[in-house]
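Structure first, then comments.
Given the structure is predicted, the values throughout are model-derived calculations rather than measurements.
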Amino acid sequence: MAKSGAAEGAALADRRTAEELKKELRRLMKAIVEDDEGRSETYEDAGRVIAALRELRTGSGAGIPGRKGSPSDQKVKYQQRSEKKVTSAIESPVSTPASVSVPKHFFCPLSSAIMRDPVVLATGETYDRAYIQEWLSSGNRTCPQTQQVLSNTILTPNHLVRNMISQWCADHGVDLRPPENPDTEGLITFSERRVFSTLLTDLSSPSAIDRKQAVKSLRQLTKRSRSFRALVGEDPTAISQLLSILSAAGADLELREDAVTALLNLSIHDANKKRIGESNGVSLLIQSMNSSGTMNTQGNAAAALFTLSALDSNKVKIGELGAMSPLIDLFETGSPAAKKDAASAIFNLCMLNENKVRAVKAGAVDACIAEIASSSSTIMDESLALLALLSGYQEAAEEVADGGGVPVLLKILREGGSAKNVENAVVVLYAVCSGVRRKLMEVGEEETMNGTISKLASGGTSRAMRKAAGILEKLKRVMHSTHYSC
């Protein structure tokens, strides 16, 4: 009597390693996809290999690091759950003939792929440099294989294994090609893909508890892992599911903060900027600043708009959707950290001329003058830089003049400070003197009493000296005109 699929799987599992079974499954899956005749034997073989893999997982789980009873974090927790829920076939970036069996010690324990740059950790375990470096950069100080605390994080090249891999690849015609995107894709591990698969399932779960935990874990993972930020952006449904949860967060302040912060983390990755910008992510971030959420939520929403505004297309959209008013409100009333985030976002958005107009109409000039005049300001530098950027717009220069900005600017020039702040102050003052000539008299009185502008014209940054010289020239013309009329 023929063996059942499960029995045959058990027999296979006894003889073959998980990596050999995975390679065989990839070969069979490729044959199924490409074979138009769809041979039944291929399907049966694939079923036996899957049964063997299942037998290995259920029969040897106790020895896997990170199982119950050993130290673990959210990443390990999700990896365990995903092993039960998800089976995914992921092609290795290494091209190997189907008949070739790769030596087990050539594989990196973190990536399950042939190592390109094997290095030895303090525990004696060998890993591919890119993957173990990512592990260490994420704050981990243990060996992934042994869970031992590392005495140091020195990575020593394993020349022996590297030479063995190179020779083996040459002998077997194996193409050890680099990943398509070495900055991101090359660092995405198989375990991260399993974690992400489970997260994706939980984001769409009918259970509010599962969704909330998934968003929190997404926030944590995207904060510490550059590769995970790239991985999330690969799936077109992941960001939309996160936005759907944010849209429905309602009065759950913790969920809203986690979702907004996860969006902020994701927006750091360049490819995700466009994806979020093309979705309703911008609208939801603006709403998050308008809402009664936590100050962290509002500040992180502003920070996300700042990172998204690196793209000109996003600058346009963010401005058109009405971000300026809530950003300026946060600039005026937020915590020190939130004020900085808002100031950075406004500045970046105002690199686009139409957003300068929006910012001035929303009260940016008065907000900047108030901050500059305040002795307790925590964003003096940012306020002066923003005011200098806006001052090229005529209406902004008029608002500086009418809002009491000239005495404030003259005080900065008189008392000195950082070279950049002095430069920005004289840039604004020059714009006022050029566009609002009635203020030249006030500037002339300062020059007569203290020689403030003359001192700056003879010593400062090159830009500051040019602007100061320009102001002096305007003053001379006014004085000459007045003398001539007399």
Identified side chain to side chain donor-acceptor pair (under 3.5 Å) partner of Thr461 from the options Glu423, Arg466, Lys467, Lys420: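 One option only clears the test, and that one is Glu423.
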
[atom1]/[X]: more than 12 non-hydrogen atoms of other groups inside 6.0 Å:
| X | atom1 | value |
| --- | --- | --- |
| Met295 | CE | yes |
| Lys317 | NZ | yes |
| Arg437 | CZ | no |

Ser247 and Ser244: side chain donor to acceptor below 3.5 Å: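 Not at all, the side chains of Ser247 and Ser244 share no donor-acceptor pair under 3.5 Å.
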
Full working for side chain to side chain donor-acceptor pair (under 3.5 Å) between Thr126 and Asn158: CA-CA 7 Å; Thr126 297; Asn158 193 328; 3.0 Å; yes

Check: [X] side chain, [Y] main-chain N or O, donor-acceptor pair, under 3.5 Å:
| X | Y | result |
| --- | --- | --- |
| Arg229 | Thr222 | yes |
| Ser377 | Ser374 | no |
| Ser112 | Cys108 | no |
| Lys356 | Leu390 | no |
| Asn300 | Asn296 | yes |
| Asp202 | Arg211 | no |

Worked verdict on Thr142 versus Asn140 for side chain to side chain donor-acceptor pair (under 3.5 Å): CA-CA 6 Å; Thr142 58; Asn140 296 296; 5.3 Å; no

Which heavy atom of [X] sits nearest to which heavy atom of [Y], and what is that distance?
| X | Y | value |
| --- | --- | --- |
| Met324 | Arg358 | CG-CB, 3.9 Å |
| Gln241 | Leu203 | OE1-CB, 3.4 Å |
| Ser383 | Phe331 | OG-CZ, 3.5 Å |
| Leu121 | Leu136 | CD1-CD1, 4.5 Å |
| Ser288 | Val260 | OG-CG2, 3.5 Å |
| Ala302 | Leu330 | CB-CD2, 3.8 Å |

Salt bridge (charged side-chain N to carboxylate O under 4.0 Å, His left out) partners of Asp258, counting only residues at least two apart: Lys216, Arg219

Partners passing salt bridge (charged side-chain N to carboxylate O under 4.0 Å, His left out) against Asp402 (at least two apart in sequence or in another chain):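 Listed in chain order: Arg438.
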
Step-by-step side chain to side chain donor-acceptor pair (under 3.5 Å) determination, Ser454 to Glu447: CA-CA 7 Å; Ser454 297; Glu447 177 63 18; 2.3 Å; yes

Pairwise distance CZ(Phe306) to CG(Asn314) - rounded to 0.5 angstrom: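 These two atoms lie 13.0 Å from each other.
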
Side chain to side chain contact (heavy atoms under 4.5 Å, CB included) between Leu384 and Glu371, worked out: CA-CA 9 Å; Leu384 279 165; Glu371 279 295 331; over 6 Å; no

Worked check of side chain to side chain donor-acceptor pair (under 3.5 Å) between Ser207 and Ser205: CA-CA 5 Å; Ser207 167; Ser205 169; 4.6 Å; no

Heavy-atom check, side chain of Val427 versus side chain of Ser391, under 4.5 Å: yes

